[in-house]
Colleague: 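Take a look at this one; I'll ask things after.
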Amino acid sequence: MLKTRILTAIVVLPLFLSALFFLQDIFWGTLLLALTVIGSREWSQLARFSVRNTIFFMLLTTLAGGELLFQLSESVKVDAYSSDPMWAYVLSAIFWIVCAPLYLKQLYVVKNPYIWMLIGWILLLPTCLALYQLRTISPLLLLGFMATIWISDTAAYFTGRSFGKHKLAPTISPNKTWEGVAGALIAVLIYGLAWDSWLNEESIASKLVPLLLFMAILGIIGDLYESLIKRHAEVKDSGNILPGHGGILDRIDALTSSLPLAILALLIFYSPAL
């Protein structure tokens, strides 16, 4: 399995980086919409939608995602820091900061398929818009934010394996530990300080490092949330499109909770100098 994961990463990562830096905006948007629709298919399986509801959900996701991306593409032509999609980022932040932690406590169970659809859209659409707008601002900035999550995940994995004793959420994801969380935050802190040192802007330091740490925390919540959804659906992975890695949702679980917050913070607190 590890060999398969590595081989998949060797193939997918260069393709992603090529798309990130060289694709024209219209093709980047098309790629994001395609991944969003694939994610909607996987969400339909996790939510155990009927065939009718699956078609309905995927169709509306395609239409809504296409329209929102078109509107955003027009807005960012005028101003890359356009606040037009801010409502979607705010909705995402509220969900991940308030609703998702309550769900992780398993205080309630969602049964209505239309609520599941709404949650799916809150997960997928703001992430799609964030990926588009952050790339418009700067591909390197988007890569830097995504690297925050990759560094957090990697540090949590190896720290947890080496020192993990205290379970973070044993009924949801038995392999995650508080030691892994600590390792992730320390790694992200070092990464943030290095990023700030490279920027050499004192005014940004007080905002950048806390943002990256908050992204790492929300990334962990996003990871746990999908783990709980998969546990309820009694599946190991959300899909099998990526050999050794599972589905699209398995790869973007932490990004769905962190990237919309990153662009929201950028629009509210950061100057274009970032």
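Throughout, numbering of the chain's residues begins at 1 and tracks the sequence.
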Colleague: Give a yes or no on whether Phe27 atom CZ has more than 12 heavy-atom contacts from other residues, nucleotides or ligands under 6.0 Å away.
Modeller: no
Colleague: Check Gly219 against Ala254 and note the closest heavy-atom contact, atom names and distance.
Modeller: O-CB, 3.4 Å
Colleague: Determine, using ring centers only, whether Tyr225 and Trp96 are less than 6.0 Å apart.
Modeller: yes
Colleague: Looking at Trp43 versus Phe49, is the centre-to-centre ring distance below 6.0 Å?
Modeller: no
Colleague: Do you know which two heavy atoms are closest between Ala233 and Arg48, and how far apart they sit?
Modeller: O-NH2, 3.1 Å
Colleague: Where is the tightest heavy-atom contact between Leu129 and Pro85, given as atom of each residue plus distance?
Modeller: CD1-CB, 4.2 Å
Colleague: Can you check whether Ile263's main-chain N or O pairs, donor with acceptor, with Gln133's side chain at less than 3.5 Å?
Modeller: no
Colleague: Between Val78 and Ile137, is there shared hydrophobic-cluster membership here, with clusters defined by ILVMFWY side-chain heavy atoms closer than 4.5 Å?
Modeller: no
Colleague: Nearest 0.5 Å, what's the CG-CE distance between Leu255 and Met146?
Modeller: 5.0 Å
Colleague: Taking the six-membered ring for Trp, are the ring centroids of Phe158 and Phe163 within less than 6.0 Å of each other?
Modeller: no
Colleague: Would you check if the side chain of Ser82 reaches a backbone N or O of Val76 as a donor-acceptor pair within less than 3.5 Å?
Modeller: no
Colleague: May I ask you to check whether over 12 heavy atoms, not counting those of His166, lie within 6.0 Å of atom NE2?
Modeller: no
Colleague: Side chain of Thr136, backbone of Tyr132: donor and acceptor closer than 3.5 Å?
Modeller: yes
Colleague: Side chains of Val37 and Leu124: closer than 4.5 Å at any heavy-atom pair?
Modeller: no
Colleague: Are the side chains of Phe57 and Thr54 in touch, meaning some heavy atoms are under 4.5 Å apart?
Modeller: no
Colleague: Group every Ile, Leu, Val, Met, Phe, Trp and Tyr by side-chain heavy-atom contacts under 4.5 Å, then state whether Tyr157 and Ile190 land in the same group.
Modeller: no
Colleague: Nearest 0.5 Å please: distance from the OG atom of Ser50 over to the CD1 atom of Ile55.
Modeller: 8.5 Å
Colleague: For the CG atom of Leu261 and the OG atom of Ser258, what is their distance to the nearest 0.5 Å?
Modeller: 8.0 Å
Colleague: Begin with the C-alpha distance, continue with both residues' side-chain angles, and end with the deciding distance and a verdict on side-chain contact (heavy atoms from CB on, under 4.5 Å) for Ile97 and Phe214.
Modeller: CA-CA 10 Å; Ile97 295 172; Phe214 197 22; 3.9 Å; yes
Colleague: What are the two closest heavy atoms between Lys230 and Ser238, and how far apart are they?
Modeller: CD-N, 3.8 Å
Colleague: Before giving the answer on side-chain contact (heavy atoms from CB on, under 4.5 Å), spell out for Trp150 and Leu143 the whole-Å C-alpha distance, their side-chain angles and the decisive distance to 0.1 Å.
Modeller: CA-CA 10 Å; Trp150 298 336; Leu143 185 61; 3.9 Å; yes
Colleague: Is it true that, when you exclude Ile26 itself, more than 12 heavy atoms of the residues, nucleotides or ligands shown sit nearer than 6.0 Å to its CD1?
Modeller: no
Colleague: Enter the distance from Asp25:CG to Leu69:CG here, rounded to the nearest 0.5 Å.
Modeller: 11.0 Å
Colleague: Write out all pairs satisfying salt bridge (charged side-chain N to carboxylate O under 4.0 Å, His left out) with one or both partners inside residues 77-86, taking only residues at least two apart or from two chains.
Modeller: Glu74-Lys77
Colleague: Kindly state each residue pair satisfying salt bridge (charged side-chain N to carboxylate O under 4.0 Å, His left out) with at least one member in residues 171-190, sequence neighbours excluded.
Modeller: Lys176-Asp223
Colleague: Okay, side chain of Tyr191, backbone of Gly144: is any donor-acceptor separation there less than 3.5 Å?
Modeller: yes
Colleague: If you define the side chain from C-beta out and look only at heavy atoms, does anything of Asn175 sit under 4.5 Å from Arg161?
Modeller: no
Colleague: Do Ser257 and Ile221 have side chains that approach each other closer than 4.5 Å (heavy atoms only, starting at C-beta)?
Modeller: no
Colleague: Distance from Leu59 atom CG to Phe56 atom CZ, nearest 0.5 Å?
Modeller: 8.0 Å
Colleague: I'd like to know if the side chain of Arg231 and the backbone of Thr171 have a donor-acceptor N/O pair within less than 3.5 Å.
Modeller: yes
Colleague: Any heavy-atom pair between the side chains of Ile220 and Leu168 that's under 4.5 Å?
Modeller: yes
Colleague: Is the distance between the ring centroids of Phe145 and Trp195 under 6.0 Å?
Modeller: yes
Colleague: Between Leu142 and Leu17, is there shared hydrophobic-cluster membership here, with clusters defined by ILVMFWY side-chain heavy atoms closer than 4.5 Å?
Modeller: yes
Colleague: Under a 4.5 Å cut-off applied to non-hydrogen side-chain atoms, are Leu123 and Ile252 in contact?
Modeller: no
Colleague: Determine, step by step, whether Leu141 and Leu266 satisfy the side-chain contact (heavy atoms from CB on, under 4.5 Å) criterion, reporting the C-alpha distance in whole Å, the side-chain angles of both residues, the deciding distance to 0.1 Å, and the verdict.
Modeller: CA-CA 11 Å; Leu141 179 63; Leu266 201 67; 3.6 Å; yes
Colleague: Counting only N and O atoms by type, is there a donor-acceptor contact under 3.5 Å from the side chain of Thr177 to the main-chain atoms of Gly180?
Modeller: yes
Colleague: I would like to know whether Asn53 and Met117 meet side-chain contact (heavy atoms from CB on, under 4.5 Å); could you show each step before the answer?
Modeller: CA-CA 9 Å; Asn53 283 340; Met117 291 181 190; 3.7 Å; yes
Colleague: With the side chain counted from C-beta on, respond yes when Trp116 and Asn112 share a heavy-atom pair under 4.5 Å apart, and no when they do not.
Modeller: no
Colleague: For the atom pair CD1 (Ile248) and CG (Asp253), what is the distance rounded to the nearest 0.5 Å?
Modeller: 11.5 Å
Colleague: Indicate, with yes or no, if Tyr89 and Trp87 share a hydrophobic cluster defined by side-chain heavy-atom contacts under 4.5 Å among Ile, Leu, Val, Met, Phe, Trp and Tyr.
Modeller: yes
Colleague: On a heavy-atom basis, which atom in Ile151 and which in Ala187 lie closest, and how many Å separate them?
Modeller: CG2-CB, 3.9 Å
Colleague: When you compare the side chain of Thr62 with that of Thr36, does any pair of heavy atoms fall below 4.5 Å?
Modeller: no
Colleague: Transitively linked via ILVMFWY side-chain contacts under 4.5 Å: Ile241 with Val11?
Modeller: no
Colleague: For Ser44 and Met58, work out which heavy atoms get closest and say how close.
Modeller: OG-CG, 4.4 Å
